[in-house]
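What follows is a single structure, written as structure tokens, with notes after it.
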Amino acid sequence: MSKPKALAVVGPTASGKSALGMALARQLYGEIVCMDSMQIYKRMDIGTAKPTQAERATVPHHLVDIVEPGEAYTVARYAEDAQRVMEEITSRGALPILVGGTGFYLQALTQGLTLGGVQSDPQVRERLKAMAQDEEGKRLLHERLRAVDPVTAARLHPNDITRVSRALEVYELTGIAMSAQEQPEFDSPFEIFRIGVAMERSVLYQRIDARVDAMMAQGLLEEVKALLTEDVSPQAQAMQGIGYKELVPVIQGLYPLENAVSDIKRNSRHYAKRQMTWFRRDGQIYWLKPDQDNTEAQALAIARAFWEGTQA
RNA sequence: GCCUUGGUAGCUCAGUCGGUAGAGCAGUAGACUGAAAAUCUACGUGUCGGUGGUUCGAUUCCGCCCCAAGGCA
């Protein structure tokens with residue numbers, strides 16, 4: 001028996017993924033599954049460019065607004081949530097359409113998280129991070145990893161304390177080095193066809209600038225203020241999102257708004273660039289250039305062929 | 001009109017006691033296995049404003065010119 005099918009629409013921020021995803025959903029009896037690490041948070045609408053209520057009323061959307069802004073969420077949870085939702089959609093005879101720019105989430109869905117279910121432990125994490133305050137601390141932390149897991153230490157830069165800490169965490173929690181962990185076979189239950197929006201860099205950057213200005217006009221500052229008022233910690237994961245972390249010091253009166261806005265634009269460009277690096281490496285994406293061809297029609301044609309195509 | 005201070009990488013600036021120059025940011029490329037909008041790595045040639053002069057050699061010193069900011073009339 002062949003696997004159920006799903007579509008994924010990926011690309012950098014502000015490239016028009018959402019619109020394309022919705023167009024495909026309308027034509028193909030699809031339902032959108034959000035694949036964005038920030039749109040999952042409630043009350044973070046403007047800064048995450050979440051689909052509007054009107055849009056969500058037209059096309060079913062899933063995994064949007066599923067956690068509180070103060071809550072932590074992980075790739076692992078996403079992989080579970082997304083898989084569950086996709087199964088539900090499939091059971092209705094509809095086509096799941098993953099839309100979003102979080103490449104890591106797509107990877108978790110398609111390749112699985114092969115670390116044998118080693119979870120994260122906030123306490124261990126906190127402790128390790130505290131050790132890496134200065135250059136010497138970073139060096140020692142890396143040194144420590146080298147002692148228990150030389151393979152992983154070799155591929156990680158001492159400055160990358162997030163990954164060095166994670167590797168140490170895995171070892172502390174299981175007694176087995178990350179590089180020695182068993183890698184269970186993972187077979188994705190879905191056949192996922194990936195469509196990428198490849199927008200020309202300069203055009204994309206202009207769109208990012210325009211979108212940030214639009215977000216400010218829509219009241220992003222008020223949105224961030226409201227989150228702080230309801231006691232969401234500036235340290236919270238949700239507050240590390242672009243457009244949020246830059247506005248917190250503005251609200252605290254520590255940083256000029258004008259500078260924060262240009263920081264948001266710059267950080268969005270950097271983010272878009274990282275996304276492109278990630279998706280370029282994917283190797284299984286069917287790229288469409290919106291500035292060159294009629295993306296929607298073409299995307300629809302290939303998506304339809306995939307969706308309705310008979311399997312051998 | 002005169003005086004002062006500037007004019008060096010896309011931007012902000014450092015520097016060369018005369019031997020054709022380097023930081024931060026921007027930008028580009030890359031990594032990514034339970035934080036991923038996070039985290040991290042690598043990459044720096046540009047008529048040193050223009051033009052004459054001094055000099056073996058000038059972006060550096062001198063003259064003139066242009067431009068900008070400030071001051072005085």
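Just so it is clear: chains get the letters A, B, ... in the order the sequence lines come, proteins before strands, and each one is counted from 1.
- OP1 or OP2 of B:U33 has not a single side-chain nitrogen or oxygen of A:R166 nearer than 4.0 Å.
- Nucleic acid contact for A:F186: none, since no nucleic acid atom lies under 4.0 Å from a heavy atom of the residue.
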(request) I would like to know whether A:E169 and A:R166 meet salt bridge (Lys or Arg N to Asp or Glu O under 4.0 Å); could you show each step before the answer? (result) CA-CA 5 Å; A:E169 178 185 57; A:R166 170 62 182 158; 2.8 Å; yes

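- No contact: A:Y244 has no heavy atom under 4.0 Å from any strand.
- When distances run from any side-chain atom of A:R155 to the nucleotides B:A35, B:A36, B:U33, the shortest one goes to B:U33.
- Side-chain atoms of A:R207 come within 3.5 Å of backbone N or O of A:A14 as a donor-acceptor pair.
- Of the candidates B:A26, B:G30, B:A29, the closest approach to any side-chain atom of A:H270 belongs to B:A26.
- Across every strand in view, B:C43 sits in a pair with B:G27 that passes the Watson-Crick or G-U test at under 3.5 angstrom.
- Counting non-hydrogen atoms under 4.0 angstrom, A:T48 reaches a base of the nucleic acid.
- Among the heavy atoms of the strands lying under 4.0 Å from A:D36 is at least one base atom, whether or not backbone atoms are also near.
- One can place CZ of A:F104 at 8 Å from P of B:A35, the figure rounded to the nearest angstrom.
- Relative to the side chain of A:R201, the nucleotides B:A35, B:A29, B:U33 differ in distance, and B:A29 lies closest.
- Residue-level contact check: A:K273 touches the bases, meaning some heavy atom is under 4.0 Å from a base atom.
- The distance between atom CG of A:L168 and atom C1' of B:U33, rounded to the nearest whole Å, is 16 Å.
- Within a 6.0 Å radius of CD in A:E126, other residues, nucleotides and ligands contribute 12 heavy atoms or fewer.
- At the heavy-atom level, A:G47 lies under 4.0 Å from base atoms of the strands shown.
- At a threshold of 4.0 angstrom between heavy atoms, the contacts of A:R266 are confined to the sugar-phosphate backbone, with no base atom among them.
- Side chain of A:E71 to backbone of A:E68: a donor-acceptor contact under 3.5 angstrom is found.
- One finds the CZ atom of A:R43 at 9.0 Å from the NZ atom of A:K50 (value rounded to the nearest 0.5 Å).
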Pairs under 3.5 angstrom, nitrogen or oxygen only, protein versus nucleotides 40-42 of chain B, please.
residue, atom, partner, partner atom, Å
B:U41, OP1, A:N159, ND2, 2.3

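- When the P atom of B:U33 is taken as reference, atom CZ of A:R77 falls 21 Å away, rounded to whole Å.
- Within a 6.0 Å sphere centred on NZ of A:K138, heavy atoms belonging to other residues, nucleotides or ligands number more than 12.
- Two residues are said to be in side-chain contact when any heavy atoms from C-beta on lie closer than 4.5 Å; A:M276 and A:R201 meet this criterion.
- Residue contacts for A:Y73: at a heavy-atom cut-off of 4.0 Å it reaches the sugar-phosphate backbone alone, with no base atom in range.
- In this entry the distance linking CG of A:L204 with P of B:U28 reads 10 Å, nearest Å.
- To the nearest 0.5 Å, atoms CZ (A:R266) and CD1 (A:I208) are separated by 13.0 Å.
- Interface residues of residues 210-223 of chain A facing RNA chain B, ordered by number: none; criterion, heavy-atom separation under 4.0 Å.
- Per the geometry, CG belonging to A:L113 stands 12 Å off P belonging to B:A36, to the nearest Å.
- Ring geometry for A:Y78 against A:Y73 counts as perpendicular: the plane angle is over 60°, on a 0 to 90° scale with 30° as the lower cut.
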